[in-house]
Structure formats: C-alpha cells, structure tokens
Amino acid sequence: MKAKTNALWLHLHWLTVLAEQGNFTRAAERLEVSKAAMSQKIKQLETLAGVPLVQRTTRSVRLTEAGEKLVQALRAPFAEIEQSFYAVRDSSGPLRGLIRITAPVAFARQQLQPHIREFLRLHPQVRIQLEVTDRLISLASEGFDLAIRHSRTLPETHVAQLLCDTRTLLVASPGWLAAHGEPQHPSELSRHDCLYYPRGTEPPRWRFSDAAQPQQEIVVNVSGPFATNNSESIRDAALDGLGIAMLPDFSARQALEEGRLRQLLPQWRINGAFADHIWIVRPWAARVPRAVTELSRWLRQHFQLKNRAP
C-alpha cells in the first residue's frame, strides 16, 4: 500500500488545483493537461481512497466532505513545496513559466497587447495567457497571477501597484462637429446627441468642474441615440458620427492622433465617469515567481515612460 501511496503525489496536487479552479476544464488549463487526463487522475485517487472526493455536475465540481478535509490538509504543504521549487528555479537563468493575466477589453486590445508581445520576444521561455474581459475576476479562485484594473477600489487582500494614470475625455468626429457645431460650455451638451456609458437605471448625467473653480461642479443631463458598457463601441459610434462621446483617454488616443476625433472642452475636468488610475494587481503571496515580478515591473516601467512622453 505504501508504494501506491508514494505514487499519488501528482493525483493529490491535481485535486487541490481542481478545488481551487472549481471545474475540470479550468483545472486542466491551469495544469496544461487534457480534461480527460484530469478526470482520470481524480477517479484513480477516489478508487484508492475508497470514498468519493468530488461531486460532479455539467458545469462545476464540489468537494465532498472527505474531499474538503483532504484538500484543507494538503494546501499548506503543497504551497510550501511550490514556493521552494520556484525559489530554486528562479534564482538564476532565463525567465520561464506560465503567467495568467486578466485585463479589461478596451485597454487590453488597444494598449496592453503590444507590450506583452514585446515582453515575449525578449523572454522566449515565458508563456502568457491573457483573458480579456470587463468582468471582475477573483484572481485566487480562478488561478490568475496578475490583473489590470481600471478602478477606484482595489481588494485589500491583494498587492496593487500603479500602472499608469488616465483621463476622461470628451470627443466627437470632425464631420459631426461641422454639421452640429462645437459646444463651448458643458451646459450646451444637453442640446446635443451624446454617447454614454450606462450606470444601471440612473439617468445619464455628466459632471464637470472648471480648473479655475474646481469646487463648483456643473451637472448636465444628457441623452443620445446610443449607450453601451464598452468604451471601444462608444468610440466607434463617435467615429461614425453619431454624437459626442465620453471616453477614457486610452480608447480615444489613436483616433485623436490620427485626427479622426477631436477633443472638446479640454479646459473642463470630467468628474466621476471613469477612474483616474490603472493598476496592476496580484494576489498576496509570500513567494512570487520571478517571471510574474519581472513582467509587472516591465509593464509599469513602459507605461509610465509612455505617460511622460510629450
């Protein structure tokens, strides 16, 4: 029996990953194995244990009482083994390993991906999986190493570092402005078609403050033909001449540089629309793989240099 038990270390580790990920598909992706191999290992472990360890459904798995007790006992020693291994592996030599990142759709597509491709060219033994989504993902439970967050609030249990600053801009296409005129004051926006990011069931209101009198806020009720929760779609609607759009600067930057959009009311500060900072976030851990640390440092350096560029 001892010989069989000695052969179970891989099975036991895979069980802890399955418990962390919540289903066979994500666990297999995390371990870089097939779903069939994952399922087979768990079945073998259950056979040798003599009791069911997981309850399976079509979408997820849930640990049985026996499975939960086993995983709770295994988490700390496996984490210590993993940290010891990474410490030895990362002490020298080239960067290597898999890094899983999640990032908002617009920022990932327009700003992040070119930097990731450059990092991979510099470090060919690193592999990166990027999940592009506007959903706020639980990093620890879904197995992500890093997240890019455009947010005012950050989880207290995570390590957050500033990636770059960002501003909210008001923009429209030259064609639309030629046909409808350019507003000279925020109050004039109520008479124009506006393209906006919906905030639940609240009526759309845009808030402005003058740099000369920041304590005095102007609130403008706006309306328009199109609203969506994706800044790229709002930008594209502005490019098509549907109205005036409020966007984070990273969504508008290229179109502004090419002259396909123009910034409006630059002397006014837009309040409360989008966060002013973009963060790079990771779960707290006593030992962080060197590839994760270096990617985080490299991205911060490049984005902050880009922010300082004239």
Side-chain angles (χ1 to χ4, degrees), residues 10 13-39 41-42 59-61 75 78-79 81-83 85-87 89-90 93-151 154-155 157-161 163-164 230 232 250 278-285 287-303:
L10 183 63
H13 178 240
W14 286 21
L15 177 66
T16 65
V17 175
L18 178 62
E20 177 186 87
Q21 298 299 311
N23 67 50
F24 279 96
T25 300
R26 284 204 302 263
E29 289 174 353
R30 183 64 173 168
L31 292 165
E32 300 180 76
V33 299
S34 70
K35 184 178 175 182
M38 184 83 204
S39 180
K41 280 286 190 295
I42 299 304
R59 294 188 175 214
S60 63
V61 297
R75 279 197 177 109
F78 272 126
I81 291 168
E82 185 178 44
Q83 290 170 15
F85 172 76
Y86 283 138
R89 190 197 69 176
D90 292 347
L95 297 183
R96 59 174 69 87
L98 172 66
I99 306 172
R100 299 190 70 226
I101 309 173
T102 174
V105 176
F107 186 80
R109 286 162 52 96
Q110 297 171 42
Q111 303 296 324
L112 183 64
Q113 290 188 47
H115 292 294
I116 286 178
R117 291 194 294 269
E118 186 177 350
F119 185 83
L120 289 172
R121 283 192 290 269
L122 293 171
H123 304 286
Q125 294 189 45
V126 172
R127 290 165 297 113
I128 292 177
Q129 289 182 1
L130 172 63
E131 179 157 330
V132 176
T133 177
D134 290 329
R135 178 174 65 92
L136 286 180
I137 286 176
S138 171
L139 303 189
S141 64
E142 297 193 35
F144 284 92
D145 302 293
L146 294 171
I148 307 298
R149 293 278 167 85
H150 184 200
S151 177
L154 298 167
T157 56
H158 289 49
V159 177
Q161 296 173 304
L163 184 64
C164 61
N230 179 264
E232 285 186 307
F250 56 80
I278 296 176
W279 303 87
I280 187 162
V281 179
R282 64 170 174 81
W284 186 90
R287 178 74 179 85
V288 181
R290 188 161 63 101
V292 173
T293 301
E294 285 301 309
L295 175 60
S296 177
R297 182 196 61 78
W298 194 87
L299 287 174
R300 295 199 318 275
Q301 178 185 10
H302 281 71
F303 273 99

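This one's a predicted model, so the numbers in the text were calculated from it and none came from an experiment.
The shortest distance between side-chain heavy atoms of Leu95 and Trp298 does not fall below 4.5 Å. Looking at heavy atoms from C-beta onward, Arg149 lies in side-chain contact with Leu136 at the 4.5 angstrom threshold. Put simply, the side chain of Ile101 reaches to within 4.5 Å of the side chain of Leu295, judged on heavy atoms. Looking at His123 and Glu294, their side chains never come closer than 4.5 Å, going by heavy atoms from C-beta outward. No side-chain heavy atom of Trp14 sits under 4.5 Å from any side-chain heavy atom of Leu18. At least one side-chain heavy atom of Phe144 sits under 4.5 Å from a side-chain heavy atom of Glu131.
Of all heavy-atom pairs between Ala291 and Val126, the closest is CB-CG2, 4.3 Å. Closest of all the heavy-atom pairs between Leu139 and Val281 is CD1-O, 3.8 Å. Taking every heavy atom of both residues into account, Phe24 and Ser39 meet most closely at CE2-CA, 3.7 Å. Here the closest non-hydrogen pair linking Gln125 and Pro94 is NE2-CG, 3.3 Å.
A distance of 5.0 Å separates CG in Leu163 from CD1 in Ile148, rounded to the nearest 0.5 Å. Taken from CD in Gln111 to CD in Gln113, the straight-line distance is 11.0 Å, to the nearest 0.5 Å. Taken from CG in Leu31 to CE in Met38, the straight-line distance is 5.5 Å, to the nearest 0.5 Å. In this structure, Ile99 CD1 and Thr293 OG1 are separated by 9.0 Å, a value rounded to the nearest 0.5 Å. Rounded to the nearest 0.5 Å, atoms CD (Gln129) and CG (Leu98) are 4.5 Å apart. With rounding to the nearest 0.5 angstrom, the CD atom of Glu142 is 10.0 Å from the CD atom of Glu20.
Between Asp145 and Arg30 there is a salt bridge, since a side-chain N of the basic residue sits under 4.0 Å from a carboxylate O of the acidic one.
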Under the side chain to side chain contact (heavy atoms under 4.5 Å, CB included) rule, what do Gln161 and Ser296 come out as? Steps first, then yes or no, please.
CA-CA 9 Å; Gln161 296 173 304; Ser296 177; 3.4 Å; yes

Report the C-alpha distance between Leu112 and Val132 in whole Å, list the side-chain angles of each, state the deciding distance to 0.1 Å, and finish with yes or no for side chain to side chain contact (heavy atoms under 4.5 Å, CB included).
CA-CA 10 Å; Leu112 183 64; Val132 176; over 6 Å; no

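Phe250 has its ring centre no less than 6.0 Å from the ring centre of Phe303. Taking the six-membered ring wherever Trp is involved, the centroid distance between the rings of Phe119 and His302 does not fall below 6.0 Å.
Judged by distance alone, with hydrogens and angles left aside, the side-chain atoms of Arg100 form a donor-acceptor pair with the main-chain N or O of Gly143 at under 3.5 Å. Here the side chain of Thr16 pairs a donor or acceptor atom with the backbone of His13 at under 3.5 angstrom.
No side-chain donor from either of Glu29 and Gln21 sits under 3.5 Å from a side-chain acceptor of the other. Under 3.5 Å, the side chains of Gln301 and Arg297 contain a donor-acceptor pair of N or O atoms.
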